[in-house]
Amino acid sequence: MSCTTQSLRGSLKKMTFITAPTTTATGSDIRVRFCPSPTGTPHVGLIRTALFNWAYARRTGGKFIFRIEDTDASRDSEESYGQLVEGLRWLGIDWDEGIDTGGPNEPYRQSERGEIYQEVIEKLKSSGHLYESFLTGEEIEQRNIANSRAVQLGYDNSERDLSEEDRQSYLSEGRKPALRLRVPDQDITFVDLVRGEITFPAGSFPDFVLVRPGGAPLYTLVNPVDDALMGITHVLRGEDLLSSTPRQIALYNALVEAGVATFIPRFGHLPFVMGEGNKKLSKRNPESNLFLHRDRGFIPEGLLNYLALLGWSISADRDIFSLDELCENFEIENVNPNPARFDQKKADAINSAHIRLLTDEDFMGRILPYLQSAGVIQGEPTAKQLEILSAAAPLTKERVIVLGDVPAMVEFLFVDVADLKIDEDALKQLPENAVEIVAAATASLQNLEDFTTDAIHQALSDALVDGLGEKPRNAFGPVRTAISGRRVTPPLFECMEILGKEQSLARLEAFAQSR
RNA sequence: GGCUCCAUCGUUUAGCGGCCCAGGACGCUGCCCUCUCACGGCAGUAGCGCGGGUUCGAAUCCCGCUGGAGUCACCA
């Protein structure tokens with residue numbers, strides 16, 4: 001009996017070849033997914049992966065599925081899970097199926113799919129693709145040393161045809177077997193969507209473990225199984241998974257033979273997002289943290305535009321584009337395989353360009369939370385504060401890189417004379433006759449009926465430039481400092497109009513007295 | 001070490017045999033605009049890793065080298 005099984009297995013082994021077809025899905029049949037595991041805060045490299053998958057689905061009319069890979073209870077956290085969802089929502093990356101949204105392949109968290117995996121494992125076992133492996137890592141290493149086989153080669157597939165006696169003997173010792181995939185002895189070739197044809201020679205990797213002793217399925221099983229079950233046609237993921245692709249193709253082939261899947265998806269491996277030096281942007285690097293960018297005041301449009309530029313471009317002479325434009329033009333085949341470095345300066349420039357593209361009203365709405373968290377506005381804004389905000393918005397929009405720059409720039413508009421602080425660097429560059437200039441300014445404005453930008457400008461020019469013979473730069477500097485306490489501000493005359501005549505004059509007088 | 005991937009200005013990207021003694025953007029420098037700072041405009045700076053082929057012609061194709069990266073878990 002065992003002899004028959006042996007020879008049967010032997011012939012089965014010889015017959016194990018990659019015969020399963022690769023998907024031919026195009027257009028709306030395309031199904032892509034984003035399947036992070038919830039560890040730590042969302043990383044910009046991860047977000048770039050999500051973005052490209054999403055853009056590809058939107059470009060092709062396909063479906064974007066959001067699944068969570070939380071099979072490692074020790075590393076996964078609910079907090080991280082929440083952040084992933086929050087991050088995507090904030091960015092406006094929406095999904096057609098998955099977490100919260102639901103869909104025909106529920107549940108979308110691997111921690112809730114245990115029964116599904118057990119069924120698949122049974123099918124794989126009964127179709128002869130899995131076999132029991134009792135050797136521990138230590139024993140495998142010892143075997144290699146004893147056989148003068150390189151230790152790095154790992155497992156030697158020695159239990160492929162374990163005899164029933166040996167099996168019983170292991171079991172009687174109380175050992176429980178892991179389950180390994182019988183990997184075909186064959187070169188594995190696939191056409192990577194971003195890199196072209198890639199071949200891994202036969203023997204590149206040993207039979208690998210899919211199920212832990214005790215029955216807990218590993219990522220190696222669960223990731224391709226879920227992709228298969230969810231009908232994923234295109235797997236776009238980080239370059240770090242490139243060398244595991246032949247393993248997954250081998251598994252897929254088994255899945256097809258076992259009747260679990262019907263095709264092998266196509267793969268595309270996205271270049272790394274690098275940090276300083278030649279290292280992958282690690283979670284230790286602050287700029288890898290999605291929420292740090294948000295807290296600084298990146299807007300989703302800016303961050304996503306920049307991230308898209310890491311490996312892709314919309315055309316030869318343009319790099320500012322909207323999400324809609326990304327979706328209309330994104331082609332996975334155009335993704336550059338080179339690793340790309342995250343450059344904060346460039347990211348900042350892209351973000352500030354997008355901020356300038358915002359309408360004043362939109363901008364105003366977006367800076368409010370930043371003003372609140374900086375304490376410039378406490379709680380809900382008053383009508384007066386909204387009025388100031390609305391007047392200041394167009395003035396500041398053009399001169400910030402991130403929304404977080406706004407509070408310091410406009411704070412002086414929201415405080416009373418008594419609370420106005422005069423910065424050191426503003427005082428330092430004042431001319432000798434600053435007090436004289438401010439006094440002249442006060443005099444010229446006191447009787448100004450029409451306290452508007454143009455009228456203020458006219459009055460001050462007449463008094464200071466024509467009257468005192470000062471260069472404009474010297475003339476308005478002290479006024480700016482008196483009004484704002486700062487060296488750099490939004491346009492002065494507009495600011496004075498926003499403050500109003502009374503407040504402006506009060507500040508000029510307070511300044512003169514303090515000198 | 002085995003296997004795999006990658007290689008154009010400081011950075012990012014265009015280039016898929018002649019349109020390129022290599023284009024855009026960011027950065028940096030200078031100038032203009034200007035009440036400061038920005039914005040905007042103009043100009044400048046700087047690159048095909050090396051060596052062989054193939055070809056009338058190569059940044060583009062092939063091979064080798066060098067360099068960099070990833071991966072070889074009962075992590076994901």
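Note that these values count all heavy atoms, side chains included, but never hydrogens, waters or copies made by symmetry.
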Q.
Each nucleotide in nucleotides 5-12 of chain B should get exactly one letter: B, S or -. Can you fill that in based on protein heavy atoms under 4.0 Å?
A. SSSS--SS
Q.
Output one letter per nucleotide in nucleotides 36-42 of chain B: B when a protein non-hydrogen atom lies under 4.0 Å from the base, S when only the sugar-phosphate is that close, - when neither is.
A. BBBSS--
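Qualifying side-chain contact (heavy atoms from CB on, under 4.5 Å) partners for A/Gln458, counting only residues two or more places apart in sequence or in other chains: A/Asp462. Considering only residues two or more places apart in sequence or on other chains, A/Arg473 meets the salt bridge (Lys or Arg N to Asp or Glu O under 4.0 Å) condition with none of them. Every residue meeting the side-chain contact (heavy atoms from CB on, under 4.5 Å) condition with A/Thr220, not counting sequence neighbours, appears here in chain and number order: A/Phe208, A/Leu210, A/Leu218. Partners of A/Thr452 according to the side-chain contact (heavy atoms from CB on, under 4.5 Å) rule, which considers only residues two or more places apart in sequence or in another chain, are A/Asp450, A/Ala455, A/Glu497. Every residue two or more places apart in sequence or in another chain that forms a side-chain hydrogen bond (donor to acceptor under 3.5 Å, both in side chains) with A/Lys346 is listed here: A/Asp319. Partners of A/Glu197 by salt bridge (Lys or Arg N to Asp or Glu O under 4.0 Å), not counting sequence neighbours: none found.
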Would you list the protein and nucleotides 43-45 of chain B atom pairs, both N or O, that sit under 3.5 Å from each other?
none

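When Watson-Crick and G-U wobble pairs are counted only if both distances are under 3.5 Å, B/rU45 pairs with B/rG27.
Of the residues in residues 201-210 of chain A, those lying under 4.0 Å from RNA chain B by heavy-atom distance are A/Pro201, A/Ser204, A/Val209. For residues 215-226 of chain A, proximity to RNA chain B is found at A/Leu218, A/Tyr219, defined as any non-hydrogen atom under 4.0 angstrom from a strand atom.
The ring-ring contact (aromatic ring centres under 6.0 Å, His included) pairs that include a residue from residues 477-500 of chain A are A/His457-A/Phe493, A/Phe476-A/Phe493, where partners are two or more places apart or lie in different chains.
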